[in-house]
Undergrad: 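Submitted below is the structure of interest, expressed as structure tokens.
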4 protein chains.
Amino acid sequence: MAIEGRSERREGPIRYGMVGGGQGAFIGGVHRIAARIDGEFALVAGALSSNPERARASGAELGLDPERTYASFQEMAKAEAKRPDGIEAVSIVTPNNMHYPAAKAFLEAGIHVICDKPLTSTLADAKKLAALVEKTGKVFVLTHNYTGYPMIRQAREMVQKGQLGEIRVVQAEYPQDWLTEKVEDAGSRQAAWRTDPKQSGVGGSTGDIGTHAYNLARFVTGLELDSLSADLDSFVAGRAVDDNAHVMLRFKSGAKGMLWASQVAPGNENALKLRVYGTKGGIEWSQADPNYLWYTPFGEPRRLITRGGAGSGPAAGRVTRVPPGHPEGYLEGFANIYAEAARAIRAARRRNGKPGRDVLFPTVHDGVEGVAFIEACVKSSRKNAAWTKL
Amino acid sequence: MAIEGRSERREGPIRYGMVGGGQGAFIGGVHRIAARIDGEFALVAGALSSNPERARASGAELGLDPERTYASFQEMAKAEAKRPDGIEAVSIVTPNNMHYPAAKAFLEAGIHVICDKPLTSTLADAKKLAALVEKTGKVFVLTHNYTGYPMIRQAREMVQKGQLGEIRVVQAEYPQDWLTEKVEDAGSRQAAWRTDPKQSGVGGSTGDIGTHAYNLARFVTGLELDSLSADLDSFVAGRAVDDNAHVMLRFKSGAKGMLWASQVAPGNENALKLRVYGTKGGIEWSQADPNYLWYTPFGEPRRLITRGGAGSGPAAGRVTRVPPGHPEGYLEGFANIYAEAARAIRAARRRNGKPGRDVLFPTVHDGVEGVAFIEACVKSSRKNAAWTKL
Amino acid sequence: MAIEGRSERREGPIRYGMVGGGQGAFIGGVHRIAARIDGEFALVAGALSSNPERARASGAELGLDPERTYASFQEMAKAEAKRPDGIEAVSIVTPNNMHYPAAKAFLEAGIHVICDKPLTSTLADAKKLAALVEKTGKVFVLTHNYTGYPMIRQAREMVQKGQLGEIRVVQAEYPQDWLTEKVEDAGSRQAAWRTDPKQSGVGGSTGDIGTHAYNLARFVTGLELDSLSADLDSFVAGRAVDDNAHVMLRFKSGAKGMLWASQVAPGNENALKLRVYGTKGGIEWSQADPNYLWYTPFGEPRRLITRGGAGSGPAAGRVTRVPPGHPEGYLEGFANIYAEAARAIRAARRRNGKPGRDVLFPTVHDGVEGVAFIEACVKSSRKNAAWTKL
Amino acid sequence: MAIEGRSERREGPIRYGMVGGGQGAFIGGVHRIAARIDGEFALVAGALSSNPERARASGAELGLDPERTYASFQEMAKAEAKRPDGIEAVSIVTPNNMHYPAAKAFLEAGIHVICDKPLTSTLADAKKLAALVEKTGKVFVLTHNYTGYPMIRQAREMVQKGQLGEIRVVQAEYPQDWLTEKVEDAGSRQAAWRTDPKQSGVGGSTGDIGTHAYNLARFVTGLELDSLSADLDSFVAGRAVDDNAHVMLRFKSGAKGMLWASQVAPGNENALKLRVYGTKGGIEWSQADPNYLWYTPFGEPRRLITRGGAGSGPAAGRVTRVPPGHPEGYLEGFANIYAEAARAIRAARRRNGKPGRDVLFPTVHDGVEGVAFIEACVKSSRKNAAWTKL
């Protein structure tokens, strides 16, 4: 229970704006709750929609000052940079293809960026963005939100402490079922842009969820990928991007992995699951029941470690809010990324410095690797699942 | 996904203060997060501790204006009532014995009250408080937070729609293990006041958690209690209140129930569970995994209804924030009570009116019944488990 | 994996007969499979039905010698006792009211008895039977089959070794749903005799399943009951016996318990569950998933001990047949009672002696206590749940 | 509840012998129990070990006539074929490399064969054996025992009835952990032969368990494989065969699959799991909890179908023995294969005919495909996971 009560509160919340996330959007609302949970951020500006009408209405609904409800992110970046009370950070929650231009505008305006995943819709954009982050020195946080779950922090800590020994096998999967039918043609805005390569990039399930599973495996294990072999499908006739992905992974250490992403697996809502096995033990975690981590030291009974309960260590403890047995969920995990972002931004604010070593969030480099993963999957699949490097 | 985006946002957040909840407290922090999640409240004042030093430090940590960090709730009620920008509501998160005097002070100052459970430490206080709420007409919300869980709303809706038929059997339980040893003597402040009858009232496990289980059963089933038979124990030597309670329930309808509360059951964190069986079906719900509701229409396979998923209806939908498969937890459930409180307070603010019929929160009358339940348990147990009316 | 391969095999199987268990019966077939699994018994005679036609047809179906297919148990006891190759043991699987006369006939004929539960339909019969067993010195095994499950043996061993410390709380329950409607009037033979007090005794759910739950709690914990308080219902209109039972338990040691038996709880098939909590730890077991035992040493993570897996000890090992991860079930648990019976019968056969101390099966005394439990429940309930001794 | 009570009982049990399965073996004992459960078989002869001493001792322990305890399978085939009361069937439970010569000897002696999996240690042997079965016309049953589980029959029936629609994705896995360390060098006989390619064939985990997972997927879905891409590892240094296998599957219909087999995944005992997703629904099944089948009709809540419970159909019903809620396990599933074998052998016995169309057991052709699967995995892996046809 370590989240609240930092003395930085006295400095007041971080002023931030949002690009995207207007009426009818999904992930924008999640970001706003995540930003509110710990009271570290205050939403004061927005370019909430590319549709001016919707942008205005959305801003009003959120109680924004009409003067700070902008019709475009370009306008917002320019105007806010000039204000003495201008935003210090921006959250970018648009379709993927807008991440790069929006992030560029704000970074160049000296504003920190929190950006939804995947980083961009092309690897070329991703690399340019990484270079720009380096150049400007601004904080850049990518919301691979699952890395914010306490028991994922716990898992990572256990791997780092050697409790699993040398890792041999990684099993990552993220099945869903919401694209089992062709809902992109039936009025689902969420489905429409996610299955449009111009907006989402070349990956469908690989980009939307496979990249989450990949990032999570990397975050927990620390293993670096050597190459992958991918077999992608678009099972729904006429769908422009993959909706099911089978991927075999080879890590540089010699460890091996499998990754399955699917949006056509009935009965699966957001069944992200990670399993890691080493010479000394194994762990298993499921996003739908995130407060539990199964841990088996080889040769001993399986143990169910609960968030904040016995066996749960400091890495989980610093991102947990309530006692064990009281479940935390998706929003708290997401909020942990925002809390880490706040620590980084406050460090930058006060001494233009870096946050503590314990502050963990996905960076622009993780984002570049994520887009490289997506593109490698597509490339491998087009070559009959040939082994492909990132 | 119905929480955010109310037009009331434009009116600005509800200004509230807090009594209790300073450094080292537990539930105060939970209330503050719950109040923040939907952006409906702004914490602007506090009497955070009876210890002036701690009150000051706690206020500073939370970023409160030092001028509005009070040394006592009496002072706070008086001062805030005078301010044009004074608090509209107060959250009372002290030990139980302080609920009544604090609530009284604010109600009499014309300020709405959100109060932790149980309502008071004595039934006499509870009844006086209920009368005062009636008299003042202010909003009074008791945070029996488990009634805020979406799948509990779902369960209630299913009972009301008759999907279970006539209810026959109710099984409610709330086991914990944190008082397995005598931690009240070992420096645990949480344990110390909860096992001190002067602060907590006559009930130990009955008051702290049994009353939650009872309230939940009442909320979901709508059944009214006729009488109960209780066998209470203080298994830990020298403990001043019960730490395990076995209770048999007889409802006026003829339905029967069992209720188990324990703080000495190793392996149980906050294992609140409710099971209800009727002539047409049964439901089962567990707080540790709150996004699931097991439902069996008699003669058909068990179904696992997920929050927001197929089979989940409007009552759950109006208090849910993220898609199915992305778990919500304890804080979101708690926040739902705050969101309902906000609706009631805004209704009172704008037209001195009442919120919509769909707005549900535990009232002062639920609180009176809860304290009556505690006292009836203790009375029954002292009479060798004689059947006792509330 | 210790079941097979006893040298006693060389002596040939134990010849046994069956009373009851003809066409349309349920538990007789279970006994026959249980008797076959380890190859220790050979069925050679039967009085399989009180209906002579059905008795004959059932015997033929089972491949019995027509000469040894009897029309009554009296005839069978007499005839088999005379044969040099006569049965050494009999399994009694009739409705409860026939247990006593049948057992009497065989015991007096010098034949060992394996008898289904509850022991008899009245306490008076039970006591007479116990006296007769003492007098004749024959082996008498009561098939409280759940005591045969390996993880129940494991639980008992852990309690005996002190891993739970001093026991404080016992929670036992056995809900079913098959009598939710009045199927005894709709042609269900199983339901018809079980709801007929003349055949089943005064208890309905208490006798059919409550007694199982009670026996299991006693077997695992070793605690002796002081008194109970029971609230029984017949929820289905016109039902002659209880179909739901709420019972509070007081053990002589000061431990307390609750017991719930129900046949009207939709969604429950045979959801027998036992939970035991002591000063040092807790255990939880569920019959539907019998290969698992949850064990929490207080202050440590929950552990899932699997049958034959790490943490599973010798008491479980001697009654397990296949490796961990390959589930055993109801029939293997039942077969373990038969295997124990075989050990006792072989000990009696060879040296008129007693089996080893590790041989465990429910005795006639457990049976007397079980019937006393049923009658005490009914008596207590009739006295408004007054505390009642066995 | 359809197993017992066939009129064929009157003909007496099927006389069978066993090759392998002496002291210290594992699977032989399983076969013997499976053969006993329904009383359809009587073990009357054995060549239980290649070690004459152990063969004799093992036979004595099992109560075999010393005259029918043979020193070799060749001798046994010859001698039993001559006896008027000779065996009608033989169970072969040796290491894989002995399956072919043993099966050949008995088939040529006119004796039906029940053989453990995989069929043989080489594809060449497998094909010769298939030809021999065709030529002799004898019954040949391969004990891919998992196809005997009732809920697997249920799953197959649901697929055949179209409840899943057109199948798109198959996920099969069989992780274990018993070879995490090099136990083949530490005295484990089970490990020693299974990791010796001369005895087991070229596959390690692929042959021992991967082939089970493959067979199960084929049995349930009916899909035919087009090609596979396999990445095999021997993670334990010095191990002669694979202990972890990642395989991608392409079916002729266009469906895709993944298969994971591992013997180095700590925390997994025998965690065989099958998941199948189609255009209309999905199913999930786990061997460790075999009485449950999760079924989701797309767009409806998940349903938990239990063996024999609501929603469980005739295909499961004909291989179930006890009511829902009373778990059946590994041995009953295995016994179902023996019960099917008995039906086929009795059909052959009485009219030299075929059993009914509902009789299902893995055949020699399934066995050939299984060995082809193993060899294709090894071949693919050696070619850098090139797509390989069976």
Side-chain angles (χ1 to χ4, degrees), chain A residues 164-171 173 175 177-178 180-181 227 229-233 235-237 243-250 254-260 262 264-269 271 275-284 294-303 384-387, chain D residues 164-171 173 175 177-178 180-181 227 229-233 235-237 243-250 254-260 262 264-269 271 275-284 294-303 384-387:
Chain A
L164 271 61
E166 191 181 343
I167 292 174
R168 291 169 167 169
V169 179
V170 177
Q171 297 287 337
E173 63 184 45
D177 66 6
W178 71 299
T180 292
E181 298 182 348
S227 53
S229 164
D231 196 25
L232 310 188
D233 283 276
F235 278 113
V236 171
D243 52 24
N244 191 81
H246 292 170
V247 190
M248 299 197 297
L249 306 172
R250 291 178 175 168
K256 296 291 179 74
M258 294 179 99
L259 187 151
W260 172 44
S262 184
V264 295
N268 290 281
E269 293 174 335
R275 296 178 286 179
V276 181
Y277 305 102
T279 51
K280 293 187 183 168
I283 50 174
E284 303 182 2
W294 282 102
Y295 165 50
T296 309
F298 178 64
E300 298 185 24
R302 290 166 70 92
R303 296 173 190 179
N384 197 25
W387 289 101
Chain D
L164 270 60
E166 190 180 343
I167 292 173
R168 290 167 167 170
V169 178
V170 177
Q171 297 288 337
E173 62 185 46
D177 66 6
W178 70 298
T180 293
E181 298 182 347
S227 53
S229 164
D231 197 24
L232 311 187
D233 282 277
F235 277 114
V236 171
D243 52 23
N244 191 80
H246 292 171
V247 190
M248 299 197 298
L249 306 171
R250 289 178 176 170
K256 296 291 179 74
M258 295 179 98
L259 188 151
W260 172 44
S262 184
V264 295
N268 290 280
E269 293 174 335
R275 297 178 286 179
V276 181
Y277 305 102
T279 50
K280 293 187 182 168
I283 52 175
E284 303 182 2
W294 281 102
Y295 165 50
T296 310
F298 179 63
E300 298 185 24
R302 291 166 71 91
R303 297 174 190 178
N384 199 26
W387 289 101

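Chain identifiers are assigned alphabetically (A, B, ...) following the order of the sequence lines, protein sequences preceding nucleic acid strands; residue numbering begins at 1 within each chain.
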Undergrad: What heavy-atom pair brings D/Gly278 and A/Pro266 nearest, and what distance separates the two atoms?
TA: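 Shortest heavy-atom separation between D/Gly278 and A/Pro266 comes out as O-CG, 3.4 Å.
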
Undergrad: Is A/Val247 close to chain D through its backbone or its side chain, or both, or neither, when contacts mean heavy atoms under 4.5 Å?
TA: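 The backbone, not the side chain.
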
Undergrad: Based on non-hydrogen pairs under 4.5 Å, which of A/Tyr295, A/Trp178, A/Phe298 is most in contact with chain D?
TA: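 Answer, by heavy-atom pair count under 4.5 Å with chain D: A/Phe298.
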
Undergrad: Contact part of A/Ser229 toward chain D, heavy-atom cut-off under 4.5 Å: side chain, backbone, both or neither?
TA: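 Both backbone and side chain.
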
Undergrad: With sequence neighbours left out, what residues match D/Trp294 under ring-ring contact (aromatic ring centres under 6.0 Å, His included)?
TA: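 By the ring-ring contact (aromatic ring centres under 6.0 Å, His included) rule, D/Trp294 matches B/Trp294.
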
Undergrad: A/Asn268: what forms a side-chain hydrogen bond (donor to acceptor under 3.5 Å, both in side chains) with it, not counting sequence neighbours?
TA: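 Residues passing side-chain hydrogen bond (donor to acceptor under 3.5 Å, both in side chains) with A/Asn268: D/Tyr277.
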
Undergrad: Quick one: pull up CE in D/Met258 and CD in A/Gln171 and give me the separation to the nearest 0.5 Å.
TA: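 Rounded to the nearest 0.5 Å, the CE-CD separation comes out at 7.5 Å.
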
Undergrad: Highest number of heavy-atom pairs under 4.5 Å with chain A: which of D/Leu164, D/Leu249, D/Asp233, D/Asn244?
TA: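 Of D/Leu164, D/Leu249, D/Asp233, D/Asn244, D/Asp233 has the most heavy-atom pairs under 4.5 Å with chain A.
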
Undergrad: Does any backbone or side-chain atom of A/Ile167 lie under 4.5 Å from a heavy atom of chain D? Answer side chain, backbone, both or neither.
TA: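 For A/Ile167, no heavy atom lies under 4.5 Å from chain D.
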
Undergrad: Side chain, backbone, both or neither: which part of A/Arg302 has a non-hydrogen atom closer than 4.5 Å to chain D?
TA: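 Side chain only.
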
Undergrad: How far does CH2 of D/Trp260 sit from CD of A/Glu173, to the nearest 0.5 angstrom?
TA: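 The distance works out to 10.0 Å.
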
Undergrad: Quick check on A/Trp387 against chain D: is it the side chain, the backbone, both or neither that has a heavy atom closer than 4.5 Å?
TA: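 Just its side chain gets close to chain D.
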
Undergrad: Just give me the residue among D/Lys280, D/Lys256, D/Glu181 that pairs up with chain A most often, heavy atom to heavy atom, under 4.5 Å.
TA: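 Highest number of pairs under 4.5 Å: D/Lys256.
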
Undergrad: Which atoms of A/Glu300 are under 4.5 Å from chain D, going by heavy atoms: the side chain, the backbone, both sets, or neither?
TA: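 Neither part.
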
Undergrad: Specify which of D/Thr180, D/Thr296, D/Ile283 makes the most heavy-atom pairs with chain A at under 4.5 Å.
TA: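 Looking at each option in turn, the highest pair count goes to D/Thr180.
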
Undergrad: Looking at D/Gly257, D/Ser262, D/Ala265, which one has more heavy-atom pairs under 4.5 Å with chain A than the rest?
TA: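 Looking at each option in turn, the highest pair count goes to D/Ala265.
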
